[in-house]
Visitor: 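Quick one: this structure, given as structure tokens, is what I'll be asking you about.
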Amino acid sequence: MLESKIENLEALEMHFARYSVGYLFRGQVKHYVDDTGLVNIPTSFSRHGCVPDIMFKWTHYAKAMIRAFSGSDYFDISLEVSQAVLQHYGWRSFYVDLTKSPQVAAWFAANRYEESRCIHMGENLYEEPVWLVHKEAKYSEVDGCGHIYTIDQLALESLGVKVHDLTLLGGSEGRLRFEAQQACLAGNLKDRLPPQAVISHIEVPGEILRSYCNKHGIDKVADVFPQKEEDFILNALLALPWERIRIDSPIPAFKRGLEIPDYDAKFVKHLPPEITLFENFWISKNRGEQDSPFKSLTFYKLPQFSYYASTNKGFDLGLVDEALKRHGDFVIEIDGLIKIIEDQRPYEYEKGIHVSINGDGTISISGLVVEHPGNVVEGVGLNRGWYYRSRDEGWEKIHHEEQCPCNNNLRHELQFSLLRMLNEALRNGELVKEGALSYRHASISNI
């Protein structure tokens, strides 16, 4: 690996001119080596580890948003493509970020990432105090030198490391973060980028790096991290419900459903209704008036993970068939709120499914829908669903004149997939009976 220190703008321009084709770049404020002195650029998973349940949730929303702007089939979206969203909006992956742009690499070499928790005290819709806990992020200029690495793309490929060009995902929907950063991912990797693929390392004073960035039109955070008005993925992530944090405090505290670094955390005193504050309510415990359609139904309470661990492959429903025969219609309710990305209504969510046997022998699966402005559960209902017939080999989807007319197949496919997790919970004895009409998965706290 060629190592050098560059002291002026002209020398920096000449350096990058040598690597115009077939090379990728990475900028860092610090230089790290392993015990043998080789450059060490690790994946974020190797630094921070993985939390599987949260990973499934991140992956679901990543794939749902990629599907929304690209038209790709949700179940065909590859691991590396969904990791692109995860990596660039704040979660961890088995990949290393690289860029096709030396200007972007220079910006990251000249600016240090800083993250902290901040608490904003606002008022909910009842004008009661609440705490919103933000993961506040910012970049600040480095005083000393930054470090830029040049990576040989052919060398990566010869070592069996695939390079995924994320700029090919872009479309006409605003300016996404990985487009602004001209981003590529290398991987997936066991722990780090192969050091033999890094062919040069330069050390450059921060003022030279900033001059180079300014010359090429990059001089502020929004140039590489577009704000939510431009970036619909960021906007959708910021619009997900906030969730209650259990702490010893008379004032309720909430964190984002997906904790992403917030570069623009503004204080809002009177929280608008589109900021949903979810506090783990159960429809099974609040079934409404005597004429409510939920009053006499059996409820199965499952964790959110059941929704995110979805599949479009066939699965056994034998125990679900038995539950239908034993209880008749039933509801699966999960311990969270699901945002349908394409649904523009700001505080409407799904919270499970309603499974019903109809007079003609068909079975319908409808979404359990909740209107939840701010901290208020304003309404609960069902949307129209898809229809099935139970066969020996499983349930067969059929056309029905009463079926949902929407063209969002994914919504219904994910509703159907919840039955797989119920069947597994029944088979593994993971359900605790709470009452005559309610069963709770053992992993859910009885609060």
Side-chain angles (χ1 to χ4, degrees), residues 57-58 60-62 64-65 67-69 85 89-90 117-137 173-177 222 225-245 251-283 286 304 307-308 333-352 367-383 406 408 410-411 414:
K57 185 175 182 179
W58 267 103
H60 160 71
Y61 281 109
M65 284 183 280
R67 171 185 177 271
F69 76 78
V85 175
Y89 291 87
R117 297 278 179 177
C118 71
I119 300 175
H120 294 172
M121 179 181 282
E123 294 179 353
N124 64 23
L125 295 186
Y126 291 131
E127 298 185 349
E128 300 165 333
V130 294
W131 284 340
L132 299 187
V133 181
H134 294 263
K135 183 187 284 188
E136 192 171 41
E173 300 288 337
R175 194 166 67 103
L176 303 178
R177 186 172 291 182
F225 291 90
Q227 295 181 327
K228 66 179 183 179
E229 290 78 13
E230 292 185 274
D231 186 340
F232 91 90
I233 290 181
L234 176 62
N235 189 54
L237 289 171
L238 292 174
L240 295 179
W242 293 68
E243 298 177 351
R244 178 79 183 266
I245 306 171
I251 298 175
F254 297 83
K255 64 179 179 63
R256 292 190 183 279
L258 287 178
E259 285 196 285
I260 66 173
D262 195 338
Y263 296 93
D264 192 29
K266 293 185 174 69
F267 170 72
V268 180
K269 179 174 175 57
H270 301 287
L271 300 179
E274 56 267 25
I275 296 181
T276 294
L277 304 176
F278 176 70
E279 200 165 344
N280 201 34
F281 77 92
W282 291 101
I283 298 169
N286 301 277
Q304 289 184 63
Y307 184 89
Y308 305 124
E333 183 179 7
I334 61 174
D335 63 344
L337 300 177
I338 305 298
K339 182 62 181 174
I340 307 302
I341 295 301
E342 296 85 354
D343 192 340
Q344 297 302 307
R345 287 167 287 193
Y347 42 80
E348 183 168 303
Y349 307 93
E350 290 192 359
K351 201 175 188 294
L368 185 63
V369 180
V370 176
E371 289 187 2
H372 198 313
N375 58 305
V376 179
V377 181
E378 195 169 78
V380 177
L382 302 172
N383 63 17
C406 80
N408 189 350
L410 178 64
R411 181 176 198 160
L414 295 180

Visitor: Side-chain contact, heavy-atom cut-off 4.5 Å: D343 with Y349?
Guide: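 Contact flag for D343/Y349 side chains = no.
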Visitor: Say you draw a straight line from CD of E348 to CG of N383; how long is it, rounded to the nearest 0.5 Å?
Guide: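 Result: 8.0 Å between the selected atoms.
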Visitor: Do Y347 and V370 have side-chain heavy atoms sitting under 4.5 Å apart?
Guide: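 The answer is no; the side chains never approach within 4.5 Å.
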Visitor: Search all heavy atoms of D231 against all heavy atoms of P226 and return the closest pair with its distance.
Guide: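 In this case the closest contact between D231 and P226 is CB-O, 4.0 Å.
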Visitor: Mind listing the closest non-hydrogen atom pair of A265 and H134 along with its distance?
Guide: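 That closest heavy-atom pairing would be CB-ND1, 3.9 Å.
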Visitor: Mind checking side-chain hydrogen bond (donor to acceptor under 3.5 Å, both in side chains) for Y61 and listing every partner two or more places apart, or none if nothing turns up?
Guide: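 side-chain hydrogen bond (donor to acceptor under 3.5 Å, both in side chains) list for Y61, sorted by chain: empty.
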Visitor: E123: which residues meet the salt bridge (Lys or Arg N to Asp or Glu O under 4.0 Å) condition with it, sequence neighbours left out?
Guide: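 For E123, the residues satisfying salt bridge (Lys or Arg N to Asp or Glu O under 4.0 Å) (neighbours in sequence not counted) are K269.
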Visitor: Suppose we screen for salt bridge (Lys or Arg N to Asp or Glu O under 4.0 Å). Which residues come up paired with E342, at least two apart in sequence or across chains?
Guide: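 If we apply the salt bridge (Lys or Arg N to Asp or Glu O under 4.0 Å) test to E342, skipping adjacent residues, the hits are R67.
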Visitor: Measure the shortest side-chain to side-chain distance between L271 and L132 over non-hydrogen atoms and say whether it is less than 4.5 angstrom.
Guide: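 Side chain of L271 against side chain of L132, heavy atoms only: contact under 4.5 Å found.
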Visitor: Please examine the side chains of V130 and N375, heavy atoms only from C-beta on, and report whether any two atoms are closer than 4.5 Å.
Guide: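 Answer no - side chains too far apart.
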Visitor: Nearest 0.5 Å please: distance from the CD1 atom of I340 over to the CG atom of L410.
Guide: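 Going from CD1 on I340 over to CG on L410, the span is 7.5 Å.
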Visitor: Which atoms form the tightest heavy-atom contact between P261 and A137, and what is the distance?
Guide: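 Reported closest heavy-atom pair: CB-CB, 3.7 Å.
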Visitor: Mind listing the closest non-hydrogen atom pair of Q227 and A222 along with its distance?
Guide: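 Scanning both residues completely, I find the closest heavy atoms to be CG-CB, 4.5 Å.
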Visitor: Could you list the residues that satisfy salt bridge (Lys or Arg N to Asp or Glu O under 4.0 Å) with E229, not counting sequence neighbours?
Guide: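 E229 satisfies salt bridge (Lys or Arg N to Asp or Glu O under 4.0 Å) with no residue once adjacent residues are dropped.
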Visitor: Please test R256 against D262 for salt bridge (charged side-chain N to carboxylate O under 4.0 Å, His left out), starting from the C-alpha separation and ending with a verdict.
Guide: CA-CA 10 Å; R256 292 190 183 279; D262 195 338; 3.2 Å; yes
Visitor: Just verifying a value: how many Å separate K255 NZ and I245 CD1, rounded to the nearest 0.5 Å?
Guide: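 Going from NZ on K255 over to CD1 on I245, the span is 6.5 Å.
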Visitor: To check you understand the geometry: which heavy-atom pair defines the closest contact between F267 and M121, and what is its length?
Guide: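 Minimum heavy-atom separation between F267 and M121: CE1-O, 3.0 Å.
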Visitor: Can you tell me how far apart CG (L238) and CG (L258) are? Round to the nearest 0.5 Å.
Guide: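 Going from the CG atom of L238 to the CG atom of L258 covers 10.5 Å.
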Visitor: Using 4.0 Å as the upper bound for N to carboxylate O, is an ion pair formed by E378 and R345?
Guide: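 Between E378 and R345 there is no salt bridge, as every charged N stays at least 4.0 Å from the carboxylate O atoms.
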Visitor: Indicate the atoms forming the closest heavy-atom contact of L125 with P272, along with that distance.
Guide: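 Looking at all heavy atoms of both residues, the shortest contact is CD2-C, 4.4 Å.
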Visitor: Could you measure the distance from the OH atom of Y89 to the CD1 atom of I260? Nearest 0.5 Å is fine.
Guide: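 Here the rounded value is 9.0 Å.
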Visitor: Nearest 0.5 Å, what's the CH2-CD distance between W242 and E279?
Guide: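 That separation rounds to 14.5 Å.
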Visitor: Taking the inter-plane angle between the rings of Y308 and H60 on a 0 to 90° scale, is it parallel (under 30°), tilted (30 to 60°) or perpendicular (over 60°)?
Guide: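 Aromatic pair Y308/H60 classed tilted.
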Visitor: Taking salt bridge (Lys or Arg N to Asp or Glu O under 4.0 Å) as the test, write out the residues that go with E136, two or more places apart.
Guide: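 Applying salt bridge (Lys or Arg N to Asp or Glu O under 4.0 Å) to E136 gives none.
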Visitor: Using side-chain contact (heavy atoms from CB on, under 4.5 Å), reason through L234 and F225 one step at a time and then give a plain yes or no.
Guide: CA-CA 10 Å; L234 176 62; F225 291 90; over 6 Å; no
Visitor: Would you please test V133 and R117 for side-chain contact (heavy atoms from CB on, under 4.5 Å) and show each step?
Guide: CA-CA 7 Å; V133 181; R117 297 278 179 177; 4.1 Å; yes
Visitor: Mind checking whether N286 and V380 have side chains closer than 4.5 Å, heavy atoms only?
Guide: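 Side chain of N286 against side chain of V380, heavy atoms only: no contact under 4.5 Å found.
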Visitor: Restricting to ring-ring contact (aromatic ring centres under 6.0 Å, His included), what partner residues turn up for H372, sequence neighbours left out?
Guide: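 H372 satisfies ring-ring contact (aromatic ring centres under 6.0 Å, His included) with F281 once adjacent residues are dropped.
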Visitor: So, do K228 and Y263 sit near enough that their side-chain heavy atoms are less than 4.5 Å apart?
Guide: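 K228 vs Y263: side chains apart.
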